[in-house]
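Each remark here refers to the structure printed beneath this line.
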Amino acid sequence: MKSTVEKSVEQFLRTLRERNASAHTIKAYTGDLAVFASYIGTRDWKAIDHLAIRGFLSHLYERGLSKTSVARALAAVRSLYRWLAQEGVVEQNPAALVSTPKLPKKLPRVPTIEEMNSVLEGAMPEVAAFPERDRLIFELLYGCGIRNSELTGINLDDIRLSNEAILIRGKGKKERYVPFGDSVRVALKHYLPARQSVFTEKRKSIPALLINQRGGRLTTRSVGRIIKKVAVAKGLSPDVHPHTLRHAFGTHLLEEGADLRSIQEMLGHERLSTTQRYTQLSMKHMLEVYDRTHPRAK
């Protein structure tokens, strides 16, 4: 028989699905809350206090989980409690009394504008299996600042060539238009005939903008591999991945004088605080430039 906590977890996850929460969130919460339910066992909500939740976190550390994973599990439990309060099942949220594990502030190393130009200028390297498509991938990720999942979700019909904008489906099925410039337009012009010839050869057609050489929709995993291969061949660090280009987009816009609100809109951030991380990145970059270049700083 299912415990009280297990039953509530099932209902909570069902609610998340109904609210169109991202698949990534649902998957993470499902795993974390299953561990929580099995740790709590047959106790009901009244018997679970902040000490029980601290015990759960200690249990996760004992299992060898990292601070990041433990913080994620605590966030899942807090979300569950917020929902329980809305449903009138609990009056207090003991998880709110438990502090989040202190995580190291890791800001990603963002390629400089010069480094990005060196990747995008000139021909794609020989490792690029489908050079027209691979250039378009780089131009879209860096030129529009979109997420990897948003990139692979683009259909041909989402491109408004006359308006120079692309319809992007973001997290939680939120839609936004993202502008694109000349570089993306030129890359599209070269890629679209190459895409069509794959379909002609395979005698099939799908709505996806980005396809593999078999004529199927490109996956996020494939995009990650393509980015790494091309970046390394062009002399960038091997830890470059699709999200690095999104960070570069935000940081470089800020460095060139764009305001945070516009960047927030283009990146599709729900909260401005998420966009403000780019200010930290930009400040760090400015200080490095200052230390390197100002005669009184040497």
Side-chain angles (χ1 to χ4, degrees), residues 111 113-170 175-220 222-236 240-246 248-250 252-253 256 258 262-263 265-268:
I113 295 175
E114 294 70 34
E115 283 173 327
M116 284 311 305
N117 285 340
S118 76
V119 170
L120 294 166
E121 280 163 10
M124 279 281 112
E126 276 176 31
V127 292
F130 192 159
E132 298 90 348
R133 178 202 62 194
D134 298 353
R135 172 177 292 284
L136 180 61
I137 289 172
F138 267 87
E139 294 287 6
L140 285 169
L141 288 171
Y142 177 55
C144 302
I146 53 180
R147 299 175 178 96
N148 191 353
S149 56
E150 293 171 345
L151 173 84
T152 54
I154 298 173
N155 290 333
L156 192 58
D157 291 351
D158 298 332
I159 293 170
R160 313 284 187 264
L161 273 172
S162 54
N163 300 338
E164 298 204 335
I166 303 174
L167 177 66
I168 297 296
R169 286 168 201 82
E175 294 186 345
R176 68 186 191 278
Y177 276 102
V178 172
F180 63 81
D182 287 348
S183 310
V184 169
R185 201 179 61 246
V186 170
L188 272 167
K189 196 177 112 187
H190 288 114
Y191 167 66
L192 292 177
R195 172 185 178 273
Q196 192 47 52
S197 62
V198 171
F199 286 147
T200 307
E201 189 193 320
K202 304 287 173 198
R203 295 186 179 172
K204 62 187 274 192
S205 182
I206 61 167
L209 171 69
L210 295 167
I211 57 167
N212 56 36
Q213 284 159 310
R214 295 182 305 281
R217 186 183 286 270
L218 203 61
T219 63
T220 51
S222 297
V223 171
R225 277 199 295 265
I226 291 161
I227 293 293
K228 200 177 282 273
K229 249 188 199 169
V230 172
V232 169
K234 286 277 195 169
L236 284 192
V240 168
H241 45 85
H243 215 74
T244 316
L245 303 186
R246 181 167 154 85
F249 167 88
H252 297 168
L253 275 177
E256 295 297 307
S262 305
I263 299 172
E265 196 111 325
M266 287 189 264
L267 288 169

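Heavy-atom basis, side chains included; hydrogens, waters and symmetry copies ignored.
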Original post:
Which residue pairs pass the salt bridge (charged side-chain N to carboxylate O under 4.0 Å, His left out) test when at least one of the two sits in residues 199-208, sequence neighbours left out?
Top reply: none

Straight-line distance of [X] [atom1] to [Y] [atom2], nearest 0.5 Å:
X      : Y      : atom1 : atom2 : result
Leu209 : Leu151 : CG    : CG    : 8.0 Å
Asp134 : Glu139 : CG    : CD    : 12.0 Å
Ile168 : Tyr177 : CD1   : OH    : 10.5 Å
Asn155 : Ile166 : CG    : CD1   : 11.5 Å
Ile113 : Ser118 : CD1   : OG    : 12.5 Å
Glu132 : Arg195 : CD    : CZ    : 13.5 Å

Listed by chain and number, what are the side chain to side chain contact (heavy atoms under 4.5 Å, CB included) partners of [X], not counting sequence neighbours?
X      : result
Pro179 : Met266
Thr219 : Arg221, Ser222
Leu161 : Ile159, Phe180, Arg185, Leu188

**OP:** I would like to know whether Asp182 and Glu164 meet side-chain contact (heavy atoms from CB on, under 4.5 Å); could you show each step before the answer?
**Re:** CA-CA 9 Å; Asp182 287 348; Glu164 298 204 335; 4.3 Å; yes

Looking only at heavy atoms, what is the nearest atom pair of [X] and [Y], with distance?
X      : Y      : value
Gly250 : Ile263 : O-CD1, 3.9 Å
Asp158 : Gly153 : OD2-O, 4.1 Å
Lys189 : Pro193 : O-CD, 3.1 Å
Ile206 : Gly215 : CD1-O, 3.5 Å
Val119 : Lys234 : O-CE, 3.2 Å
Met124 : Pro131 : CG-O, 3.6 Å

**OP:** Find out whether Thr244 and Pro111 are in side-chain contact, i.e. whether some heavy atom of one side chain is under 4.5 Å from a heavy atom of the other.
**Re:**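 Yes, their side chains come closer than 4.5 Å.
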
**OP:** Give the C-alpha distance, both sets of side-chain angles, the deciding distance and a yes or no for side-chain contact (heavy atoms from CB on, under 4.5 Å) between Leu156 and Leu192.
**Re:** CA-CA 9 Å; Leu156 192 58; Leu192 292 177; 3.6 Å; yes

Whether the side chain of [X] engages the backbone of [Y] through a donor-acceptor N/O pair (distance < 3.5 Å, no angle test) should be reported.
X      : Y      : value
Asn212 : Arg214 : yes
Arg246 : Leu267 : yes
Arg147 : Gly170 : no
Arg133 : Ile211 : yes

**OP:** Start with the C-alpha gap between Leu210 and Leu136, add the side-chain angles, then the distance that decides, and say whether side-chain contact (heavy atoms from CB on, under 4.5 Å) holds.
**Re:** CA-CA 9 Å; Leu210 295 167; Leu136 180 61; 4.0 Å; yes

Original post:
Residues in ring pair (Phe, Tyr, Trp, His ring centres under 6.0 Å) with His252, at least two apart?
Top reply: Tyr142

**OP:** Using side-chain contact (heavy atoms from CB on, under 4.5 Å) as the criterion, point out the one residue from Leu141, Asn148, Leu236 that pairs with Ile227.
**Re:** Leu141

Original post:
So does Glu265 have more than 12 non-hydrogen atoms from other groups sitting under 6.0 Å from CD?
Top reply: no

Original post:
Are there more than 12 heavy atoms of other residues, nucleotides or ligands under 6.0 Å from atom CD of Glu175?
Top reply: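 Enclosed.
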
Subject >> ring pair (Phe, Tyr, Trp, His ring centres under 6.0 Å) contacts touching residues 184-217 (sequence neighbours left out) >> reply: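 Every pair satisfying ring pair (Phe, Tyr, Trp, His ring centres under 6.0 Å) with a residue in residues 184-217: Phe130-Tyr191.
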
**OP:** Any chance you could lay out the side-chain contact (heavy atoms from CB on, under 4.5 Å) test for Ile146 and Ile154, step after step, and finish with the verdict?
**Re:** CA-CA 11 Å; Ile146 53 180; Ile154 298 173; 3.9 Å; yes

